[in-house]
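To keep things clear, I will list the structure first and then write my remarks on it.
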Amino acid sequence: MRRADRLFLILHALRGRRRALPAHRLAETLEVSLRTVYRDVADLQRCGVPIEGEAGVGYVLRKGAEVPPLMFEREELEALVVGSRFVGAFGGRALGLAARTALLKIEAALPAALRQRAATIRVFAPRVADRIEDTEILSRLREAIGGHQVLRLDYRDERGRATKREVEPLCLSFWGDTWTLGAFCRLRQAHRSFRADRLGAFAPTGEVFVEEPGRDLEAYLATLGLRED
């Protein structure tokens with residue numbers, strides 16, 4: 001766990017408590033040593049966070065202290081809300097659900113003023129029926145990409161010609177209207193982009209590949225004139 005995440009979780013655990021929270025409870029929750037908890041709390045105190053208590057007794061936020069869990073600039077907040085709405089509409093079932101639940105968590109943690117501001121954002125991404133996002137295709141492709149699973153697939157090109165391919169899937173890209181699978185095609189021995197809506201049957205072969213220079217994601221993006229951010 002990153003140190004920044006630990007500090008955030010410590011603040012989250014202490015917020016709203018009336019009784020001191022023992023350091024060993026924090027250590028168990030964060031799966032770190034007591035010494036790490038002591039050091040993190042001391043660092044927060046040095047930064048001006050009003051935490052009271054000591055080792056062996058426990059910690060509590062000073063009564064009346066306001067430590068907002070999330071503070072965003074107006075455009076940052078709008079980017080999060082709008083981005084979540086777009087993923088909810090076009091990210092496929094699994095990512096769409098995750099985006100919607102993540103947005104609910106963010107809104108629940110916002111101070112009242114920011115929560116009201118989030119509710120006034122008028123940029124929407126309505127879901128459209130009968131699109132590829134309503135299937136499990138994107139989720140299956142993401143799983144294959146994450147697991148470096150070689151895929152065997154049936155594909156039809158823009159002329160309707162059918163081919164069978166064995167590919168090393170590298171990424172998914174959304175172009176506003178279509179999704180493409182970026183992959184190294186073993187048949188062509190080159191990188192190719194496959195439109196997800198032209199895929200027929202596909203399944204993992206059971207082989208796991210290792211990305212190699214010249215046929216990895218960086219090389220694929222280079223063929224598109226892009227770079228990995």
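Residues Leu9 and Val60 fall into different hydrophobic clusters, defined by Ile, Leu, Val, Met, Phe, Trp and Tyr side chains chained together at heavy-atom separations under 4.5 Å. Both Leu30 and Val49 sit in one connected hydrophobic cluster of ILVMFWY residues. Membership requires side-chain heavy atoms under 4.5 Å apart, directly or through other members. Linking ILVMFWY side-chain heavy atoms closer than 4.5 Å, directly or via other members, places Leu181 and Phe184 in two distinct hydrophobic clusters.
Phe209 is listed as a side-chain neighbour of Leu170, based on a closest heavy-atom distance under 4.5 Å. Side-chain contact between Val150 and Val208: absent, with no pair of heavy atoms (C-beta onward) separated by less than 4.5 Å. Counting heavy atoms from C-beta outward, Leu80 and Glu76 have side chains that stay 4.5 Å or more apart. Between Arg186 and Arg215, the closest side-chain pair of non-hydrogen atoms falls below 4.5 Å.
Within the structure, the side-chain hydrogen bond (donor to acceptor under 3.5 Å, both in side chains) test picks out the following pairs touching residues 83-96 (sequence neighbours left out): Arg93-Glu136. Applying the ring-ring contact (aromatic ring centres under 6.0 Å, His included) test to every pair with at least one member in residues 97-139, sequence neighbours left out, gives no pairs at all.
Remark: Tyr155 engages Phe194 in a ring-ring contact (aromatic ring centres under 6.0 Å, His included) (not counting sequence neighbours). Evaluation of the salt bridge (charged side-chain N to carboxylate O under 4.0 Å, His left out) rule for Arg25 yields no partner, not counting sequence neighbours. Take His24 and apply the ring-ring contact (aromatic ring centres under 6.0 Å, His included) test, not counting sequence neighbours, and it matches no residue. Residues passing the ring-ring contact (aromatic ring centres under 6.0 Å, His included) test with Phe90 are Phe174, sequence neighbours excluded. With sequence neighbours left out, the side-chain contact (heavy atoms from CB on, under 4.5 Å) criterion links Asp40 to Arg3, Arg6, Leu7, Ile10, Thr36. Remark: Arg39 engages no residue in a salt bridge (charged side-chain N to carboxylate O under 4.0 Å, His left out) (not counting sequence neighbours). In this structure, Phe86 has no ring-ring contact (aromatic ring centres under 6.0 Å, His included) partners at least two apart in sequence or on a different chain. By the salt bridge (charged side-chain N to carboxylate O under 4.0 Å, His left out) test, Asp130 is found to be paired with no residue, residues two or more places apart in sequence or in another chain being considered.
With 3.5 Å as the limit, one finds a donor-acceptor pair spanning the side chains of Tyr220 and Ser193. Between the side chains of Thr163 and Arg165, a donor-acceptor pair is found at a separation under 3.5 Å.
Under the 4.0 Å criterion applied to side-chain N and carboxylate O atoms, Arg195 and Asp197 are assigned as salt-bridge partners. Salt-bridge check for Arg131 with Asp134: failed, with every basic side-chain N at 4.0 Å or more from each acidic carboxylate O.
Note that CD1 of Ile132 and CH2 of Trp179 are 9.5 Å apart. Values are rounded to the nearest 0.5 Å. The OG1 atom of Thr135 sits 10.0 Å away from the CG atom of Leu199 when rounded to the nearest 0.5 Å. Here CG of Leu61 is found 6.5 Å from CG of Leu11. Values are rounded to the nearest 0.5 Å.
Atom CD of Glu31 has 12 or fewer heavy atoms from other residues, nucleotides or ligands within 6.0 Å. At most 12 heavy atoms of other shown residues, nucleotides or ligands fall within 6.0 angstrom of atom CZ in Arg156. Atom CD of Gln189 sits in a crowded spot, with more than 12 heavy atoms from other residues, nucleotides or ligands closer than 6.0 Å.
Between the side chain of Gln45 and the backbone N or O of Ile51, at least one donor-acceptor pair lies under 3.5 Å. At distances below 3.5 Å, not a single donor-acceptor pair connects side-chain atoms of Arg142 with backbone N or O atoms of Ala94.
Looking at every heavy atom in both residues, Gly58 comes nearest to Ala20 through C-CB, 3.8 Å. When every heavy atom of Ala99 is checked against every heavy atom of Gly88, the shortest pair comes out as CB-N, 4.0 Å. Between His191 and Gly214, the shortest heavy-atom distance links the atoms CE1-O, 3.3 Å.
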Checklist line | Worked check of side-chain contact (heavy atoms from CB on, under 4.5 Å) between Leu141 and Leu151 | finding: CA-CA 9 Å; Leu141 291 175; Leu151 291 178; 3.9 Å; yes
Checklist line | Arg192 and Val167: CA distance, side-chain angles, deciding distance, side-chain contact (heavy atoms from CB on, under 4.5 Å) verdict | finding: CA-CA 9 Å; Arg192 290 290 186 268; Val167 304; over 6 Å; no
List the atom pairs, with distances to 0.1 Å, where a side-chain N or O of residues 113-121 and a protein N or O form a donor-acceptor pair under 3.5 Å, not counting sequence neighbours.
from, atom 1, to, atom 2, distance (Å)
Arg115, NH1, Leu110, O, 2.5
Thr120, OG1, Arg117, O, 2.7

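Through direct or indirect side-chain contacts shorter than 4.5 Å among Ile, Leu, Val, Met, Phe, Trp and Tyr, Val87 is connected to Leu95.
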